[in-house]
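As the structure is a computational prediction, the values presented were derived from the model and not from experiment.
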Amino acid sequence: MRVKRRIWATAAVATTAVAGVLVFQGVTGTSDVPDGAGATSGPARTEVHHDALKVSDDGSIASLRRDSTEPFSMLGVTWTDPSARVKGTVEARTRSLPGGDWSAWLPIDTEVDGRTEAGRPGVRGTTEPRWVGLSDGVEVRVSAGKDTSAGLPAGLRLDTVDPGGVTGAAPIAYAVDATDEPSADPTEVPSEPAGTPPAEPTGPAEAGTTEPATEEPDPGASVDPTPSTDPGGTTSPSPSAESPSPTAEPTATLPPPLPSTAPKPPIVTRAGWNADESLNDESPDYMDTVKAVFVHHTAQTNAYSCADSAAIVRGLHAYHVQSNGWKDLGYNFVVDKCGTVFEGRKGGVDRAVLGAHTYGFNRETAGIAVIGLYTDASAATAATTAVARIAAWKLGQYGVSPSGTATLTAGAAGDNYAGKKFTAGTAYSFSAVSGHRDGFNTQCPGTRLYGQLPTIRGYAAGPVAGLTVTSVTGAALSGSTYYTKADITVGWSATTPAAFVTKFELLVDGKSVASTAGSASSAKATLGVGSHTVQVRATHQSGKTSLSAAATVVADRTAPVFSTKPSLSLRTGTVGTTAVPLTLRWKGADAVRLRDVRLTSPVARTYGPTTTSASHTAKSGVATSWKMTAYDLAGNSAAASVAGTPVILQESSAKRSGTWTTKSSSSYLGGRSYSSGTKNASLTWTFTGRSVAWVVSRASTSGQAYVYVDGVKAATVDLKSSTTAYRQAVWTKSWPASAKHTVKIVVAGTKGRPTLTTDGLVHLR
């Protein structure tokens, strides 16, 4: 269901501002706007309400409070003389709709120069407009500051703007002009919203008249070295000037739209932001070229919804025309914090339209305003990206590098934020992408956004910056080298936004093996065996290229080997029927680089490439398989295994000689052990296996024993221990292969502590 919202605009009334009297100025008409509609609903009707301020007797303070007003979303203070300035402060607070809460006092920027379109009748001095959101109450106060002798400018009034269509909802769909290349037809007329007449062929006058520029000079004009003495600081070329003014004579056709060296970004047309074209009855003025762009900030708040950006642009449009007295919106382009670009002053975005944005330097330049306040906060990347795209495209139409410089002739005397003085008629050098403060004494575009201009120039001019290989998937990194079998996916990043990148290429050993769109962040490659250098090359829209640092990637398809096969042996330690101490040994090797060796059964462990043994335990009487896999850094693998069964031989299974006493305790294996203090008493076990361990109990009174293996004395073992310990494997021996062996234990008869207690023998088969 489409619900129509009817917006009524009042007819213009009173032309004289009287203190305390609300004076309305508007346009008669209606607009049927379907709820939630965008560009297709037709132009929105805007209203500007004027209300004179009450000035104190000494002329130092002016104020106004209205607890109930017509709804508005933008406000500003204006005065009669465009060359006058407020030296003090301007503040306002508003009552929100629908909540009814009053805001804190909001500062209003007073650095705007009302002479930007000097020479036009009705041009006023002005503050920067401030977006406040939908409101129905206002209080404003103006102070002359310390210099009270100067007082306040005459004719102070508050202007509140209702741009229509303030939603606060999700972003609407705009009508976007996204043509990459403009038409080559030199007679093409820029499109206008439905129902509005096409622009007439333009004349030269900056004020929108058809008279020569000498009659209505522009303060931003490029001039002859012998300027006139126009009070607005404007000058005109003399009749003998070598190069006449770009608009010195009326032309029958519009200037041709020129192709650009950079792609044209999407731009919301004036119809797309529902411009109230009834405010503009003058033809646009054109220049021959654009040598530089000036970046601004406006609306003095970052706390806006991008769904209201079109309304903010409509508010700026109405404020510039109905409050400032300018012929149209001053900026050529307006950008919101979400990166949406709006067409500003009419005349065709692909033409050199004379704007009103930088006093003294409007000629041969374009103005780009970012909605927001960037004195303390940086502009979002989306906004700076959009500014850079517009700058690259617009300057690219005239062969200007965004990272270069431009020579501009001052159309009026003045100074800039750094204290540099300008003389009308004198040429000065500027960066092709400059801030408003470079050409005028203002903080605009704010310290933080101004600080981002080098980044914007870099985005626009290229090459792609910050290009880095971030990952090589399908490969393992060791130190600074990647290892793979063959197939890899290379990931990268760049600080330059993708909108400026024509393509990325993946290079292997200097040769391109894959090409992707500028929005991509990875590409695949298959490598031959050996070591390779891998890089990413980015092509900027300007044609400039950049290379990432090289990554070394080694392709290896040869599996590792076990140069020493896995083996098992018994070790010393505490013996239990469920945990017989074992040592697992191996050695892995690889032709390129071994990564690790992993034990997968009977337990899972991972060992580094230089580890060759590990301690484990196994259940007695249970055959256990120990499975291992060696991996190299490329992911190649080799498997090996060894199996073993630990067997406990009780002391009772031994052949005895001499005197032995049976001892019983749950601490012994099987609950019993043999003990003897008789010198030369012995126990002999015969078994088939590859490793053996003798198990004893130890105490501070334990003696020594001799160990014989296959009839040969192998060791003398001392069982003495400061603490009592049971089931201790105190001596071990291993062989390369399983075979039949005999182990004999003989009591040494140690003086003072001849007794030993044996708990059996363990062998591994």
Where do [X] and [Y] come nearest, in terms of heavy atoms and distance?
X: Thr384; Y: Ala379; result: CG2-CB, 3.9 Å
X: Ala388; Y: Ile456; result: CB-O, 3.5 Å
X: Leu75; Y: Ala92; result: CD1-CB, 4.0 Å
X: Val112; Y: Arg85; result: O-NE, 4.1 Å
X: Ala406; Y: Ala292; result: CB-CB, 4.1 Å
X: Ala386; Y: Val341; result: CB-CG2, 3.8 Å

On the 0 to 90° scale, with breaks at 30° and 60°, tag the Phe361-Tyr428 ring pair as parallel, tilted or perpendicular.
perpendicular

Nearest 0.5 Å please: distance from the [atom1] atom of [X] over to the [atom2] atom of [Y].
X: Arg130; Y: Ser73; atom1: CZ; atom2: OG; answer: 14.0 Å
X: Ile108; Y: Thr127; atom1: CD1; atom2: OG1; answer: 6.0 Å
X: Ser135; Y: Arg93; atom1: OG; atom2: CZ; answer: 12.0 Å
X: Glu343; Y: Trp273; atom1: CD; atom2: CH2; answer: 8.0 Å
X: Phe430; Y: Thr405; atom1: CZ; atom2: OG1; answer: 11.5 Å
X: Asp276; Y: Arg270; atom1: CG; atom2: CZ; answer: 9.5 Å

Carefully, step by step, assess Tyr331 and Ile368 under the rule side chain to side chain contact (heavy atoms under 4.5 Å, CB included).
CA-CA 6 Å; Tyr331 311 113; Ile368 306 172; over 6 Å; no

Ignoring hydrogens and angles, tell me if any N or O in the side chain of [X] forms a donor-acceptor pair with the backbone of [Y] under 3.5 Å.
X: Gln397; Y: Asp350; value: yes
X: Asn324; Y: Gly114; value: no
X: Tyr304; Y: Lys337; value: yes
X: Arg314; Y: Thr46; value: no
X: Asn332; Y: Arg345; value: no
X: Lys291; Y: Tyr398; value: no
X: Asp162; Y: Gly164; value: yes
X: Arg120; Y: Gly325; value: yes
X: Glu111; Y: Gln443; value: yes
X: Arg448; Y: Asp376; value: yes

Over 12 non-hydrogen atoms of neighbours within 6.0 angstrom of NZ in Lys421:
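No, NZ of Lys421 has 12 or fewer neighbouring heavy atoms, counting only those of other groups under 6.0 Å.
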
Derivation of the side chain to side chain contact (heavy atoms under 4.5 Å, CB included) call for Arg124 and Thr80
CA-CA 5 Å; Arg124 293 174 62 82; Thr80 305; 4.0 Å; yes

Test Thr375 against His297 for side chain to side chain contact (heavy atoms under 4.5 Å, CB included), laying out the working first.
CA-CA 9 Å; Thr375 302; His297 66 175; 4.0 Å; yes

Go through the steps to decide whether Lys327 and Glu117 satisfy the test salt bridge (charged side-chain N to carboxylate O under 4.0 Å, His left out), and finish with yes or no.
CA-CA 8 Å; Lys327 69 182 294 180; Glu117 285 202 315; over 6 Å; no

Pairwise side-chain contact, [X] with [Y], heavy-atom cut-off 4.5 Å (strictly under):
X: Thr365; Y: Thr358; value: no
X: Glu70; Y: Thr160; value: no
X: Tyr374; Y: Asn302; value: yes
X: Arg115; Y: Val123; value: no
X: Val48; Y: Tyr319; value: no
X: Pro163; Y: Trp131; value: yes
X: Leu254; Y: Arg351; value: yes
X: Leu316; Y: Met74; value: yes

Checking side chain to side chain contact (heavy atoms under 4.5 Å, CB included) for the pair Val334/Ile371: CA distance, chi angles, key distance, verdict?
CA-CA 7 Å; Val334 180; Ile371 300 173; 3.5 Å; yes

Can you see whether [X] engages [Y] through a side-chain donor-acceptor pair at a distance of less than 3.5 angstrom?
X: His320; Y: Asp328; result: no
X: Tyr450; Y: Asp438; result: yes
X: Ser63; Y: Arg141; result: no

When the aromatic ring centroids of His49 and Phe72 are compared, is their separation below 6.0 Å?
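Aromatic pair excluded; centres sit 6.0 Å or further apart.
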
Kindly say whether the aromatic ring centers of Phe440 and Phe294 come within a distance under 6.0 Å.
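No, the ring centres sit 6.0 Å or more apart.
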
